[in-house]
Amino acid sequence: MPELPEVEVTRLSFADRIQGAKIQNVALGKPLRWPLGCNTEQLRGLRVKCVTRRGKYLLIELSPSILILHLGMSGSLRFEGTKSPVTQKLHDHFVMQTDLGTLTLNDPRRFGAVVYADDFNSPMLHKLLGKLGVEPLTDSFSPELLYRALKGRHLSIKQALLGGQIVVGVGNIYASEALFLAKIRPTRSSSTITKVQSLRLFEAIRSVLTRAIEVGGSTLQNFSNAMGESGYFQLESYVYARAGEPCKTCNTKIKQVVQAQRSTFYCPMCQS
DNA sequence: AAAAGCCCCTGGATGC
DNA sequence: TGCATCCAGGGGCTTT
């Protein structure tokens, strides 16, 4: 489910309200992708310093320890303040009660994870975050970096974007959307991309992610932020999930193909 | 080293 | 209505 915009929208929806909170109790449901990596009692009394994000990972910094959260395909968080009653739902698998409210990870498919790390040198943290590419919305991302990285790869441009080793956070929806905006066919070999095209792609990635964050992310099945609010980006989609429908630019029917076991959508006229 | 495939899991949509 | 099949936003791990 969640790509960078959804993770960031989630973060923004509860980061301020949980900051400074003291953990009172943690309860686990069914196993997630990995074990928590510590006893829940160990978390009791720790304080939330801040909530940050790296790619699609959320980092709840407890200073010096860290809870690394991933929403997988179907995960969502909700934060319920102390004034509202704490609800209990099917597929709640991590429930963290604090003096400022309760943070719950709900994840039907359980591809998500909550993992404890002692600090930023933790092997587990390094394993998960160590090989990630640059953050697309920071100054570390540039057209030159994108161009050079794409040149050196031998796979399709869409898979190069999805891989996360060049740039993080671009998932299946936004890869298709960014490539449409950049007028690049997703099946094109990464290494054949020109400088002009990588500049367009750089700008497309930034604008599509920024716009998606502005409108609250994409709600395709049941994504909502930690306040329970839906996103609306899917209403603006140019190609994603629009197979057979007319291109919004040229009216040509949008095509759907499969790349690396995932659906890709593009306009055969606009994108080359 | 890099690329390609294989899974983990549940639920909703579709088709018979 | 009931049941089978297919598909879904991710990404680590294993195999080529």
Side-chain angles (χ1 to χ4, degrees), chain A residues 1-10 29-35 37 53-58 68-77 89-94 105-115 123-133 149-179 186-191 205 208-209 212-213 215-225 230-244 256-265:
Chain A
M1 143 205 166
E3 306 182 27
L4 185 147
E6 290 74 32
V7 176
E8 181 64 7
V9 163
T10 297
K30 284 191 189 179
L32 294 163
R33 178 157 195 172
W34 296 290
R53 179 188 55 74
R54 178 75 176 99
K56 297 170 189 169
Y57 292 93
L58 278 176
I68 307 164
L69 271 70
H70 199 289
L71 301 179
M73 289 275 264
S74 57
S76 60
L77 290 176
K89 296 187 176 169
L90 189 63
H91 308 304
D92 285 348
H93 298 308
F94 175 85
L105 172 65
N106 185 275
D107 186 3
R109 290 173 74 181
R110 293 191 280 125
F111 290 174
V114 183
V115 175
M124 187 61 181
L125 184 138
H126 193 259
K127 185 180 79 171
L128 296 177
L129 308 183
K131 289 177 184 168
L132 295 183
L150 292 174
K151 272 286 160 197
R153 303 299 221 93
H154 294 277
L155 72 176
S156 72
I157 180 76
K158 189 210 178 202
Q159 288 170 259
L161 288 182
L162 275 184
Q165 293 175 323
I166 300 174
V167 59
V168 293
V170 183
N172 211 35
I173 297 177
Y174 301 114
S176 279
E177 292 298 311
L179 287 165
T187 50
R188 272 277 294 279
S189 163
S190 172
S191 61
I205 289 169
V208 79
L209 295 180
I213 292 170
V215 299
S218 298
T219 297
L220 287 188
Q221 283 168 32
N222 47 23
F223 169 76
S224 62
N225 66 25
S230 295
Y232 296 93
F233 184 86
Q234 70 280 4
L235 302 176
E236 303 181 4
S237 158
Y238 281 101
V239 289
Y240 186 82
R242 295 194 65 242
Q256 175 174 7
V257 296
V258 173
Q259 292 179 281
Q261 295 120 343
R262 285 193 161 79
S263 295
T264 299
F265 302 85

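All chains are named by letter (A, B, ...) in the order of the sequence lines, taking the proteins before the strands, and each is independently numbered beginning at 1.
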Checklist entry - So, is A/S263 near the phosphate of C/dA8, with a side-chain N or O under 4.0 Å from OP1 or OP2? => result yes
Checklist entry - OP1, OP2 of C/dG11 versus side-chain N and O of A/K56: anything below 4.0 Å? => result yes
Item to check | Test log, rule ring pair (Phe, Tyr, Trp, His ring centres under 6.0 Å), inputs A/Y240 and A/Y174 | outcome: CA-CA 8 Å; A/Y240 186 82; A/Y174 301 114; 8.6 Å; no
Is a side-chain donor or acceptor of [X] paired with a backbone partner of [Y] at a separation under 3.5 angstrom?
X: A/K56; Y: A/E3; value: no
X: A/N106; Y: A/L90; value: yes
X: A/Q159; Y: A/Q259; value: no

Checklist entry - Side chains of A/T264 and A/K158: is there a donor and an acceptor less than 3.5 Å apart? => result yes
Checklist entry - What is the nucleic acid contact for A/Y240, judged by heavy atoms within less than 4.0 Å: base, sugar-phosphate only, or nothing? => result sugar-phosphate
Checklist entry - For DNA chain C, what string of dots and brackets results from 5' to 3' when Watson-Crick and G-U pairs need both distances under 3.5 Å, crossing pairs get [ ], and pairs with another strand get |? => result .|||||||.|||||||
Checklist outcome for this item: Per-nt protein contacts along nucleotides 4-11 of chain B (heavy atom under 4.0 Å; B base, S backbone sugar-phosphate only, - none) come out as SSB-BBBS
Between atom [atom1] of [X] and atom [atom2] of [Y], what is the distance when rounded to the nearest 0.5 Å?
X: A/E177; Y: A/S237; atom1: CD; atom2: OG; result: 4.0 Å
X: A/S176; Y: A/L161; atom1: OG; atom2: CG; result: 10.0 Å
X: A/L77; Y: A/E6; atom1: CG; atom2: CD; result: 13.0 Å

Rounded to whole Å, please give me the gap between [atom1] in [X] and [atom2] in [N].
X: A/K158; N: B/dA3; atom1: NZ; atom2: C1'; result: 16 Å
X: A/W34; N: C/dG11; atom1: CH2; atom2: C1'; result: 7 Å
X: A/N172; N: C/dG11; atom1: CG; atom2: P; result: 11 Å
X: A/E3; N: C/dG11; atom1: CD; atom2: C1'; result: 13 Å
X: A/F233; N: C/dG9; atom1: CZ; atom2: C1'; result: 13 Å
X: A/M73; N: C/dC7; atom1: CE; atom2: P; result: 13 Å
X: A/L161; N: C/dG11; atom1: CG; atom2: C1'; result: 16 Å
X: A/Q165; N: B/dA1; atom1: CD; atom2: P; result: 12 Å

Next on the checklist: Let me spell it out: for each of A/F265 and A/Y57, pick the nucleotide of DNA chain C with the closest heavy atom. Which residue's pick is nearer the 5' end?
Outcome noted: A/F265
Checklist entry - Who are the salt bridge (Lys or Arg N to Asp or Glu O under 4.0 Å) partners of A/R33, not counting sequence neighbours? => result none
Item to check | Pairwise P distance for B/dC9 and C/dT14, with rounding to whole Å | outcome: 16 Å
